[in-house]
Amino acid sequence: AGKFGDAAAHSCIDCNSAIKRISTINSELSGSTGIMAYLHHDGVHLTVANVGDSRCILGKAFPGMNTEAVAISVDHTPKIPEEAARVRQHRGRIASFTHMGQPVGPLRVWLPDRDVPGLCMTRSFGDNLAATVGVYSKPDIHEVSCGGKQKPQHIMAQRFQP
């Protein structure tokens with residue numbers, strides 16, 4: 001993963017530990033996702049670290065005003081088999097919210113015997129209760145080349161859901 005990837009991985013885990021130690025932050029049922037990106041000195045290589053459902057998109061501009069958006073990161077959700085397997089190994093339950101016996105909305109992470117916390121992601125900072133069933137802050141590291149004749153425009157975005 002290189003120096004940035006290693007540093008980002010350690011930083012995410014250290015940040016999560018710090019959140020748990022700060023008494024003025026109630027992170028039992030609250031937390032956050034995050035994303036970091038580093039454009040290397042060569043201006044061509046990009047390294048991205050993400051935790052949760054934050055997203056990094058590389059926008060490429062081509063001659064003639066043509067553009068292309070390329071997702072660099074992958075959202076950590078219970079729909080990803082490896083993510084769901086980790087949660088289940090920690091005795092977590094994966095299911096949609098139910099209303100009147102019918103599933104509603106996306107898959108969520110629950111405790112085995114209670115309908116909490118109901119997270120739609122499998123990695124986050126904080127969310128201490130979810131951490132007991134396998135939700136953690138270890139980031140995925142993605143490295144891409146932005147080379148070629150097009151000039152890369154880097155866009156980092158956090159999905160907002162009201």
Side-chain angles (χ1 to χ4, degrees), residues 1-40 45-59 69-144 154-162:
K3 290 181 182 179
F4 173 79
D6 292 343
H10 290 294
S11 295
C12 288
I13 293 166
D14 290 348
C15 178
N16 194 50
S17 295
I19 290 169
K20 292 177 182 183
R21 288 192 307 270
I22 300 172
S23 63
T24 56
I25 297 176
N26 182 353
S27 59
E28 191 67 13
L29 288 170
S30 63
S32 182
T33 63
I35 193 145
M36 295 181 265
Y38 174 69
L39 181 61
H40 296 257
H45 293 92
L46 178 71
T47 303
V48 174
N50 76 298
V51 174
D53 60 357
S54 294
R55 178 73 61 95
C56 181
I57 297 170
L58 174 65
V70 179
I72 304 300
S73 61
V74 176
D75 293 352
H76 298 122
T77 69
K79 290 192 303 188
I80 298 173
E82 297 82 10
E83 296 290 310
R86 185 185 66 252
V87 169
R88 288 186 180 111
Q89 285 173 346
H90 287 87
R91 299 194 49 221
R93 184 167 45 96
I94 305 287
S96 294
F97 178 79
T98 57
H99 178 68
M100 299 179 71
Q102 298 297 316
V104 178
L107 293 174
R108 297 172 179 271
V109 176
W110 307 95
L111 294 182
D113 55 352
R114 293 175 45 208
D115 286 341
V116 291
L119 282 183
C120 295
M121 77 278 306
T122 52
R123 299 188 195 197
S124 69
F125 299 105
D127 291 311
N128 299 345
L129 190 60
T132 67
V133 291
V135 173
Y136 64 19
S137 61
K138 179 183 174 190
D140 270 346
I141 309 296
H142 304 275
E143 295 181 354
V144 297
H154 301 89
I155 303 167
M156 293 178 60
Q158 170 79 27
R159 184 170 56 182
F160 175 73
Q161 293 179 321

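Numbering starts at 1 and runs along the sequence shown. Keep in mind that this is a model prediction, so the values were computed, not measured.
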Side chains of Asn50 and His142: closer than 4.5 Å at any heavy-atom pair?
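A side-chain contact exists here, since the closest heavy-atom pair is under 4.5 Å.
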
Is any side-chain heavy atom of Pro106 closer than 4.5 Å to a side-chain heavy atom of Lys79?
no

By salt bridge (charged side-chain N to carboxylate O under 4.0 Å, His left out) - contacts of Asp14 (at least two apart)
none

Under the salt bridge (charged side-chain N to carboxylate O under 4.0 Å, His left out) test, which residues partner Arg93, sequence neighbours left out?
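Here the qualifying residues are Asp115.
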
Ignoring hydrogens, what is the shortest heavy-atom contact between [X] and [Y]? Give both atom names and the distance.
{"X": "Val48", "Y": "Ala37", "value": "CG2-CB, 4.1 Å"}
{"X": "Ala69", "Y": "Ile57", "value": "CB-CG2, 3.9 Å"}
{"X": "Pro139", "Y": "Ala9", "value": "CG-CA, 3.5 Å"}

Can you list the residues that meet the side-chain contact (heavy atoms from CB on, under 4.5 Å) rule with [X], with sequence neighbours excluded?
{"X": "Arg88", "value": "Ala84, Ile94"}
{"X": "Pro112", "value": "Arg91, Val133"}
{"X": "Ser96", "value": "Pro103, Leu107"}

Under the ring pair (Phe, Tyr, Trp, His ring centres under 6.0 Å) rule, collect the residues that match up with Tyr38, sequence neighbours excluded.
Phe4, His40

Anything under 3.5 Å between a donor and an acceptor, one on a side chain of residues 118-131, the other on a protein residue two or more places apart or in another chain? List them.
{"residue": "Thr122", "atom": "OG1", "partner": "His76", "partner atom": "O", "Å": "3.4"}
{"residue": "Thr122", "atom": "OG1", "partner": "Glu83", "partner atom": "OE1", "Å": "2.5"}
{"residue": "Arg123", "atom": "NE", "partner": "Glu83", "partner atom": "OE1", "Å": "3.2"}
{"residue": "Arg123", "atom": "NE", "partner": "Glu83", "partner atom": "OE2", "Å": "3.1"}
{"residue": "Arg123", "atom": "NH1", "partner": "Lys138", "partner atom": "O", "Å": "2.7"}
{"residue": "Arg123", "atom": "NH1", "partner": "Asp140", "partner atom": "OD1", "Å": "3.4"}
{"residue": "Arg123", "atom": "NH2", "partner": "Glu83", "partner atom": "OE2", "Å": "2.6"}
{"residue": "Ser124", "atom": "OG", "partner": "Asp127", "partner atom": "OD2", "Å": "2.7"}
{"residue": "Asp127", "atom": "OD1", "partner": "Gly31", "partner atom": "N", "Å": "3.3"}
{"residue": "Asn128", "atom": "OD1", "partner": "Ser27", "partner atom": "OG", "Å": "3.4"}
{"residue": "Asn128", "atom": "ND2", "partner": "Ser27", "partner atom": "OG", "Å": "2.9"}

Output the distance between atom [atom1] ([X]) and atom [atom2] ([Y]), rounded to the nearest 0.5 Å.
{"X": "Met36", "Y": "Ser54", "atom1": "CE", "atom2": "OG", "value": "10.5 Å"}
{"X": "Ser17", "Y": "Ile22", "atom1": "OG", "atom2": "CD1", "value": "11.0 Å"}
{"X": "Asn16", "Y": "Ser32", "atom1": "CG", "atom2": "OG", "value": "10.5 Å"}
{"X": "Ser137", "Y": "Ile19", "atom1": "OG", "atom2": "CD1", "value": "8.0 Å"}

Residues in side chain to side chain donor-acceptor pair (under 3.5 Å) with His45, at least two apart?
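If we apply the side chain to side chain donor-acceptor pair (under 3.5 Å) test to His45, skipping adjacent residues, the hits are Asp42.
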
Is it true that a side-chain atom of Asp53 and a backbone atom of Arg55 form a donor plus acceptor pair closer than 3.5 Å?
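Not a single qualifying donor-acceptor pair exists.
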
